[in-house]
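Order of the sequence lines sets the chain letters (A, B, ...), proteins ahead of strands, with each chain counted from 1.
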Protein chains: 2
Amino acid sequence: MFTYEYPHPAVTVDIVIYTLRDDELKLLLIKRGGKPFKGKWALPGGFIQMDESLEEAARRELEEETGVSGVFLEQLYTYGEPKRDPRERVITVAYYALIPSDRVEIRAASDAEAVGWFAMDELPKLAFDHEEILAMAHERLVAKLDYSTLAFQFMPGEFTLTQLQQVYETILQQEIDKRNFRKWILALECIEETGNEQRDGPHRPAKLYRVKEPGKVEIIK
Amino acid sequence: MFTYEYPHPAVTVDIVIYTLRDDELKLLLIKRGGKPFKGKWALPGGFIQMDESLEEAARRELEEETGVSGVFLEQLYTYGEPKRDPRERVITVAYYALIPSDRVEIRAASDAEAVGWFAMDELPKLAFDHEEILAMAHERLVAKLDYSTLAFQFMPGEFTLTQLQQVYETILQQEIDKRNFRKWILALECIEETGNEQRDGPHRPAKLYRVKEPGKVEIIK
DNA sequence: TTGACTTAGTGTATATACGACACTATAGTG
DNA sequence: CACTATAGTGTCGTATATACACTAAGTCAA
């Protein structure tokens with residue numbers, strides 16, 4: 001038992017985990033195995049431990065649910081309405097993470113009935129205020145595609161320009177002119193040819209590229 | 001006394017309160033009257049109450065320190081390094097507020113020795129990790145001047161275009177061409193002439209403008 | 001071996017936005 | 001009425017973004 005002179009809220013970290021799969025933007029939800037909202041879908045997350053920072057807590061949860069580490073993770077917003085959790089006062093610091101399409105591997109977390117990837121247009125009703133969190137995460141994601149090199153965080157080690165363009169088209173939900181896209185993306189000077197080619201059908205092979213500084217997300221305006 | 005089955009951190013709200021005064025961007029600091037860091041300057045803030053939201057807590061602190069309400073206030077970032085407060089684990093949700101230049105009125109808060117407005121280039125050493133918070137707040141402020149109508153939040157009810165331009169020049173620390181600035185700001189169609197003029201010297205009087213939707217901060221790209 | 005199919009890859013012309021730049025207008029003051 | 005100080009205004013060149021269509025190269029089947 002832990003005793004304080006003044007009341008303290010609980011603090012949790014929830015994560016919106018995005019990846020691209022089947023040419024769709026998908027995010028990870030867990031089916032809650034315990035109260036409250038038992039049986040409902042929710043964002044993965046959990047209480048922070050007293051000896052870890054907020055980001056460390058987010059990375060721990062991320063690895064517990066997906067097995068991945070070292071991916072892009074950024075703080076999104078902090079939610080603290082008094083009644084957002086029926087049990088007690090809970091402050092939730094939300095993060096969002098982007099996982100490259102070749103590193104997806106779900107683990108079943110201990111406190112979840114089920115885990116699954118959902119596309120934006122097939123989301124179930126969510127527990128708590130998680131729909132609000134999701135709306136803000138998606139807004140941030142779309143905005144950052146425009147003014148940063150965030151999209152590279154979805155790419156595997158080697159990729160073609162067509163694949164990269166599809167990432168933009170999938171998330172922004174609009175078609176982009178191929179020539180203008182290539183002009184623009186190459187002018188950023190963030191990617192380089194690997195020298196390899198991808199051949200996957202009865203047509204000209206595509207040059208493969210890699211990101212020069214994979215971890216870095218730059219503001220490009 | 002309050003007891004919990006698991007340890008809970010304390011949660012505070014700190015605010016970076018900006019205003020423009022003497023043609024300089026200034027922010028409010030308080031000299032701490034109690035431990036820890038007694039006698040050191042720090043951002044105004046305090047513990048959240050269990051029945052108020054995070055934004056309500058920030059507005060309460062803002063009004064306690066300055067007497068103003070109804071001004072622009074936005075969540076900045078949440079800080080939660082385990083050792084950032086020597087007393088106990090403290091999570092701080094930081095906000096920043098912008099106060100119009102004609103509404104500045106400091107009240108002495110109960111737990112502070114002194115209160116004062118500081119320009120960016122005359123900041124004292126700060127308590128906790130408040131210098132980090134300040135750096136992030138300033139970065140956000142500068143960025144948002146460019147792609148939103150945030151600057152209007154500093155303006156009094158009526159103002160001249162020259163005054164508005166000075167706001168941009170002061171915060172961005174660079175001179176702007178008068179004609180280009182006017183072209184740009186008027187093309188936004190966010191302000192309109194009031195019909196009044198300001199006469200304050202031996203020269204042509206300046207037209208006064210007002211913001212069409214004072215509370216609103218739009219993204220303008 | 002050749003032709004048909006499929007995706008990769010490339011350049012130009014036009015429209016729009018942005019930045020540099022200098023003079024006239026109008027009030028107050030002595 | 002002349003001097004001074006700030007308000008207010010337009011054009012042109014450059015850079016940036018957008019629209020748009022054909023050739024290149026590999027596979028496979030006739």
Is it true that a side-chain atom of [X] and a backbone atom of [Y] form a donor plus acceptor pair closer than 3.5 Å?
X        : Y        : value
B/Glu169 : B/Ile176 : yes
A/Thr66  : A/Val68  : yes
A/His130 : A/Leu43  : yes

With heavy-atom distances below 4.5 Å as the criterion, would you say the side chains of B/Leu164 and B/Phe181 are in contact?
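Yes, at least one pair of side-chain atoms sits under 4.5 Å.
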Output the distance between atom CG (A/Leu186) and atom CD (A/Glu193), rounded to the nearest 0.5 Å.
8.5 Å
Between atom OG1 of A/Thr170 and atom CD of A/Gln165, what is the distance when rounded to the nearest 0.5 Å?
10.0 Å
Tell me whether B/Arg21 at atom CZ has more than 12 heavy atoms from other residues, nucleotides or ligands lying less than 6.0 Å away.
no
Does atom CD (B/Glu175) have a neighbourhood of more than 12 heavy atoms from anything else shown, all under 6.0 Å?
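Not buried by this count: 12 neighbours or fewer within 6.0 Å.
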What does the B/S/- profile of nucleotides 18-30 of chain C look like, 5' to 3', with a 4.0 Å heavy-atom cutoff to protein?
-BBBB--BBBB--
Test item: side-chain donor near acceptor, A/Gln198 and A/Thr160, under 3.5 Å
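Checked: A/Gln198/A/Thr160 side chains show no N/O donor-acceptor pair below 3.5 Å.
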Between [N] ([atom2]) and [X] ([atom1]): distance, integer Å:
X        : N      : atom1 : atom2 : value
B/Gln163 : D/dG8  : CD    : P     : 11 Å
A/Ile176 : D/dC20 : CD1   : P     : 16 Å
A/Glu175 : D/dT18 : CD    : P     : 16 Å
A/Phe181 : C/dT10 : CZ    : C1'   : 16 Å
A/Leu208 : C/dT7  : CG    : C1'   : 14 Å
A/Glu193 : C/dA8  : CD    : C1'   : 12 Å
A/Asp200 : D/dA25 : CG    : C1'   : 13 Å

Could you check whether B/Thr162 gets within reach of a base, just the sugar-phosphate, or nothing at all, counting any heavy atom under 4.0 Å?
sugar-phosphate
How far does the helix from C/dT1-D/dA30 to C/dG30-D/dC1 bend, going by the axes of its first and last five pairs, to the nearest 10°?
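Answer rounded to 10°: the end axes differ by 10°.
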